[in-house]
Q: 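Got a structure here, written out as structure tokens. Questions coming.
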Amino acid sequence: MCSRPAGPYLCSRSIHCNQHQPTMSKEITSRADDYSQWYIDLVRKAGLADYSAVKGCMVIKPYGFSIWENMRDTLDKMFKDTGHTNAYFPLFIPKSFLSKEAAHVEGFAKECAVVTHYRLKNADDGSGVVVDPEAKLEEELIVRPTSETIIWNTYRDWIQSYRDLPLLINQWANVVRWEMRTRLFLRTAEFLWQEGHTAHATREEAIEETRKMLDVYATFAEEWMAMPVIKGVKTPNERFAGAEDTYCIEALMQDGKALQAGTSHFLGQNFAKAFDVKFSTNDNQLDYVWATSWGVSTRLMGALVMAHSDDEGLIIPPKLAPIHVVIVPIPKPLPELDEAATSIATELRARGIRVKIDTDDQNRPGYKFAEYEKIGIPVRLGLGARDLANGTIEVARRDNKTKESVPLAGLADHVEALLADIQRSMFERAKTYRDQHITSVDSWDEFVRVLDEQGGFVAAHWDGTTETEVAIKEATKATIRCIPLDNPQEDGVCVMTGKPSSQRVLFARAY
RNA sequence: CGGGGCGUAGCGCAGCCCGGUUAGCGCGUCUGCUUUGGGAGCAGAAGGUCGCGAGUUCGAAUCCCGCCGCCCCGACCA
């Protein structure tokens with residue numbers, strides 16, 4: 001394994017410490033050739049994740065996990081800042097719990113992994129181990145697809161009085177949904193996420209919480225991921241199983257498909273009633289509590305990739321990049337280079353900038369440049385004898401592939417400003433693309449044409465019925481992504497049925 | 001569950017149709033030398049239950065039968 005001194009997260013021996021085998025970005029399929037394959041190539045070859053020995057499950061590799069850690073740590077702080085605390089509930093849920101809320105069981109029944117036995121034994125024919133039929137569980141256990149049931153069963157014991165409210169809890173966990181078809185990060189059988197579960201004394205307060213956490217997600221998506229999102233509410237058909245209202249943030253990927261990046265649910269009293277969670281009000285009445293739940297998952301990793309990256313590799317916004325700056329000494333045998341690189345790194349680190357010095361002397365600079373572009377490090381500093389002589393350094397930014405020579409004096413200020421500029425311009429670029437791909441249409445022909453030729457969001461009138469929504473989906477594969485919050489009211493007629501409508505909703509083909 | 005593809009060295013592949021020396025090639029790895037401002041060159045070396053099982057044959061990576069696994073497209077769902 002690598003033994004040389006390493007920068008944060010990655011060793012200097014090789015960019016991929018875990019395999020010593022950087023693959024060439026030449027091998028990344030271009031977006032134009034096959035967007036889907038581009039995504040898969042990128043995820044695997046930039047060291048984010050890989051397929052595992054288990055069908056439908058992925059291995060999140062060290063570099064990918066370090067990005068997720070940055071997401072997780074940022075969100076965790078945001079949750080704490082809004083009054084939430086973390087807790088942990090069991091992976092296993094008694095089967096009977098899941099059936100207590102009718103819509104909920106309906107929504108998840110088809111994709112649950114079930115534990116039926118608790119012991120293996122050696123096969124009689126010596127062929128290996130088999131499930132011991134003697135060890136059948138009295139009550140089967142479901143591997144959580146989400147934790148509402150086990151949590152509300154617990155909340156019943158935690159909540160007696162209005163003084164116990166609000167109860168604001170989050171959990172970081174893995175969940176399992178037995179998907180028929182999977183894609184790295186976007187839909188895997190097991191994934192990592194956080195799920196917030198809160199209890200409130202009033203309907204209004206719970207709705208406020210639902211909206212507040214949606215805002216947290218939107219802020220995170222836009223300010224950290226540099227990914228513009230549309231906040232909205234789901235139609236009844238797209239609503240979370242067991243919710244009264246599902247709010248969401250919807251993002252647009254570079255191929256024109258939408259991606260739901262986070263959801264926040266107002267659960268009403270559905271789970272309180274299902275699990276009998278009542279509290280004494282301050283005027284001594286008994287009432288069911290009001291609930292919310294909200295979550296984002298490792299799916300955000302997929303969103304991050306598809307929102308920004310290019311044919312050369314990943315482009316990661318500075319705020320989430322495991323390494324902000326890589327210094328590549330152009331290795332003439334020159335001790336002053338190492339000294340200069342170290343002193344630059346020290347100066348940058350003093351400002352909280354995450355810096356790696358590439359001390360590897362095996363690979364040539366050109367190779368390194370390509371590798372760092374592939375893994376999306378926002379800023380690369382090239383430092384050679386020529387620079388030392390001139391008192392300059394080459395500064396290359398990943399997002400727009402520009403290079404400039406800047407004076408070493410004042411470099412830290414320059415880099416700090418540059419990182420901020422990259423963060424901002426990545427957002428602007430994505431937002432421009434997104435805004436150019438919201439199209440208002442008023443006829444069915446136009447609706448279909450825009451979906452096929454431009455993609456993106458299509459703002460169209462809809463008669464408000466699930467039947468029409470489903471028919472449109474069957475005809476075009478487009479779904480209603482959301483009804484934007486504060487959506488302007490406007491009279492019109494449904495794009496499919498011609499029935500009256502009071503507002504446009506956003507359709508798109510989606511991940 | 002349908003349709004398609006794949007399984008041969010760490011990775012990516014050729015060989016299979018038409019059975020026959022010691023199973024090749026590229027990348028990577030190791031050693032040495034020369035290199036180093038956009039993916040280095042030369043020389044040498046290591047590395048293989050050809051997915052698994054059974055069969056046909058003098059002989060199977062190759063043909064037959066069975067099985068397993070993974071990926072992609074669709075159905076389901078986000």
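We name chains A, B, ... by the order of the sequence lines, and we start the count at 1 in each one. None of the values given here were measured: they were computed from a predicted structure. Only this structure's heavy atoms are used, side chains among them; waters, hydrogens and symmetry mates stay out.
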Q: Describe the nucleic acid contact of A:Ser36 in one word from base, sugar-phosphate, nothing, applying a heavy-atom distance below 4.0 Å.
A: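 Sugar-phosphate contact only - A:Ser36 comes under 4.0 Å of backbone atoms but never of a base.
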
Q: Could you list the residues that satisfy side chain to side chain contact (heavy atoms under 4.5 Å, CB included) with A:Ala206, not counting sequence neighbours?
A: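 By the side chain to side chain contact (heavy atoms under 4.5 Å, CB included) rule, A:Ala206 matches A:His200, A:Phe266, A:Trp290, A:Thr292.
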
Q: By side chain to side chain contact (heavy atoms under 4.5 Å, CB included), which residues pair with A:Arg364, not counting sequence neighbours?
A: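 Here no residue qualifies.
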
Q: Does a nitrogen or oxygen in the side chain of A:Tyr51 sit under 4.0 Å from OP1 or OP2 of B:rC72?
A: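 Yes, because at least one side-chain N or O of A:Tyr51 sits under 4.0 Å from OP1 or OP2 of B:rC72.
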
Q: In whole Å, measure the gap between the C1' atoms of B:rA9 and B:rG48 for me.
A: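 Comparing C1' positions in B:rA9 and B:rG48 gives a spacing of 5 Å.
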
Q: Which residues pass the side chain to side chain donor-acceptor pair (under 3.5 Å) test with A:Thr246, sequence neighbours left out?
A: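 Here the qualifying residues are A:His265.
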
Q: If we take the P atom in both B:rG19 and B:rC63, what is their distance in whole Å?
A: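 About 9 Å, rounded to a whole number of Å.
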
Q: Can you tell me, in whole Å, how much space there is between the C1' of B:rA60 and that of B:rC72?
A: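 These two C1' atoms come out 31 Å apart once rounded.
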
Q: Rounding to the closest angstrom, what is the interatomic distance between B:rG41 and B:rU36 at atom P?
A: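 It comes out at 14 Å once rounded to the nearest Å.
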
Q: For B:rA46 versus B:rG32, give the span between their C1' atoms, rounded off to a whole number of Å.
A: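 One C1' to the other, the span is 15 Å.
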
Q: Could you tell me the separation between the CD1 atom of A:Ile40 and the P atom of B:rC71, rounded to a whole number of Å?
A: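 Atom CD1 in A:Ile40 sits about 10 Å away from atom P in B:rC71.
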
Q: Can you give me every donor-acceptor pair (side chain of residues 104-111 of chain A, partner residue at least two apart or in another chain, under 3.5 Å) with its distance?
A:
residue  : atom : partner  : partner atom : Å
A:His104 : ND1  : A:Ala241 : O            : 3.0

Q: How many whole angstroms separate atom OH of A:Tyr372 from atom P of B:rG38?
A: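 From A:Tyr372 OH to B:rG38 P: 16 Å.
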
Q: Just the rounded figure in Å: distance from P of B:rC1 to CH2 of A:Trp178.
A: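 Those two atoms, CH2 and P, are 14 Å apart.
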
Q: Tell me the salt bridge (charged side-chain N to carboxylate O under 4.0 Å, His left out) pairs involving residues 401-412 of chain A, sequence neighbours left out?
A: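 Pairs touching residues 401-412 of chain A that pass the test: A:Glu312-A:Lys401.
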
Q: Who passes salt bridge (Lys or Arg N to Asp or Glu O under 4.0 Å) against A:Arg31, sequence neighbours left out?
A: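 Partners of A:Arg31 by the salt bridge (Lys or Arg N to Asp or Glu O under 4.0 Å) criterion, ordered by chain and then number, come out as A:Asp311.
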
Q: B:rC50 and B:rA54: how far apart are their P atoms, nearest whole angstrom?
A: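 Looking at atom P only, B:rC50 and B:rA54 are 13 Å apart.
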
Q: Are A:Phe185 and A:Trp68 an aromatic pair, judged by ring center distance below 6.0 Å?
A: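 Centroid distance A:Trp68-A:Phe185: not below 6.0 Å, so no.
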
Q: Around A:Trp178, counting heavy atoms of other residues, nucleotides and ligands shown, do more than 12 lie under 6.0 Å from its CH2?
A: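 Open: at most 12 neighbouring heavy atoms sit under 6.0 Å from CH2 of A:Trp178.
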
Q: Run the salt-bridge test on A:Asp399 and A:Arg397 with the 4.0 Å N-O cut-off and return the result as yes or no.
A: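 Yes, charged N to carboxylate O under 4.0 Å.
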
Q: Is any side-chain N or O of A:Glu312 under 3.5 Å from a base N or O of B:rG38, one able to act as donor and the other as acceptor?
A: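 By the distance-only test, no, there is no pair.
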
Q: Can you establish whether the number of heavy atoms outside A:Lys95 located under 6.0 Å from its atom NZ is more than 12?
A: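 It does not: A:Lys95 NZ has 12 such atoms or fewer within range.
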
Q: Calculate the interatomic distance between A:Asp34 atom CG and B:rC72 atom C1'; express it in whole Å.
A: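 So the CG-C1' distance, A:Asp34 to B:rC72, works out to 9 Å.
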
Q: The criterion is salt bridge (Lys or Arg N to Asp or Glu O under 4.0 Å); which residues satisfy it with A:Glu209, sequence neighbours excluded?
A: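 By the salt bridge (Lys or Arg N to Asp or Glu O under 4.0 Å) rule, A:Glu209 matches no residue at all.
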
Q: Could you give the distance separating B:rC1 and B:rC52 at their P atoms, to the nearest angstrom?
A: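 Rounded to whole Å, the distance is 25 Å.
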
Q: Show each protein N/O and nucleotides 6-8 of chain B N/O combination with a separation under 3.5 Å, one pair to a line.
A:
none

Q: Phosphate oxygens OP1/OP2 of B:rG37: is one of them under 4.0 Å from a side-chain N or O of A:Arg364?
A: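 Yes, A:Arg364 has a side-chain N/O under 4.0 Å of OP1/OP2 on B:rG37.
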
Q: Start at the 5' end of RNA chain B and walk down; is the nucleotide closest to A:Arg177 or to A:Thr182 reached first?
A: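 It is A:Thr182 whose nearest nucleotide is closer to the 5' end.
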
Q: Only pairs at least two apart or in different chains count here, so list each salt bridge (charged side-chain N to carboxylate O under 4.0 Å, His left out) that has a residue in residues 451-460 of chain A.
A: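 Found A:Arg449-A:Glu453, A:Asp452-A:Arg509.
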
Q: Atom CZ of A:Arg44 to atom C1' of B:rG12: distance rounded to whole Å?
A: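 It is 11 Å, rounded to the nearest whole Å.
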
Q: In whole Å, measure the gap between the C1' atoms of B:rA14 and B:rG26 for me.
A: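 Roughly 10 Å separates the two C1' atoms.
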
Q: Rounding to a whole Å, what distance do you find between A:Arg183:CZ and B:rC72:P?
A: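 Whole-Å distance recorded here is 8 Å.
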
Q: When you look for runs of 3 or more Watson-Crick or G-U pairs in a row, both distances below 3.5 Å, which of them include RNA chain B?
A: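 Counting only runs of 3 or more consecutive pairs, the stems involving RNA chain B are B:1-7 with B:68-74, B:10-13 with B:24-27, B:29-34 with B:40-45, B:51-53 with B:65-67.
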
Q: State whether A:Glu250 and A:Arg434 are salt-bridged, where the test is any N-O pair (Lys NZ or Arg NE/NH1/NH2 against Asp/Glu carboxylate O) under 4.0 Å.
A: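 No, A:Glu250 and A:Arg434 are not salt-bridged.
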
Q: Rounded to whole Å, please give me the gap between CG in A:Asp33 and C1' in B:rC72.
A: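 After rounding, the reported distance stands at 16 Å.
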
Q: Is any side-chain heavy atom of A:Ile142 less than 4.5 Å from a side-chain heavy atom of A:Phe97?
A: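 Result no, sub-4.5 Å side-chain heavy-atom pair not found.
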
Q: From the list B:rG38, B:rA40, B:rC71, which nucleotide is the closest neighbour of the side chain of A:Tyr367?
A: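 Minimum distance to the A:Tyr367 side chain belongs to B:rA40.
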
Q: Which atom pairs link the protein and nucleotides 74-77 of chain B when you take only N or O atoms and keep those under 3.5 Å?
A:
residue : atom : partner  : partner atom : Å
B:rG74  : OP2  : A:Arg181 : NH1          : 2.7
B:rA75  : OP1  : A:Lys477 : NZ           : 3.4
B:rC77  : O2   : A:Arg187 : NE           : 3.1

Q: May I ask you to decide if the ring planes of A:Tyr35 and A:Trp38 are parallel, tilted or perpendicular, using 30° and 60° as cut-offs?
A: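 Rings of A:Tyr35 and A:Trp38: tilted, as their planes differ by 30° to 60°.
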
Q: Flag yes if more than 12 heavy atoms outside A:Arg72 fall under 6.0 Å of its CZ atom; otherwise flag no.
A: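 Buried by this count: over 12 neighbours within 6.0 Å.
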
Q: NA contact type, A:Glu474, heavy-atom cut-off 4.0 Å: base, sugar-phosphate, or nothing?
A: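 Nothing, no nucleic acid heavy atom in range.
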
Q: Rounded off to whole Å, could you give me the CD1-to-P distance for the A:Ile28 and B:rG12 pair?
A: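 Those two atoms, CD1 and P, are 15 Å apart.
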
Q: Looking at residues 379-395 of chain A, who's got a heavy atom less than 4.0 Å off RNA chain B?
A: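 Only A:Arg380, A:Gly382, A:Gly384, A:Ala385, A:Arg386, A:Asp387, A:Glu394 qualify.
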
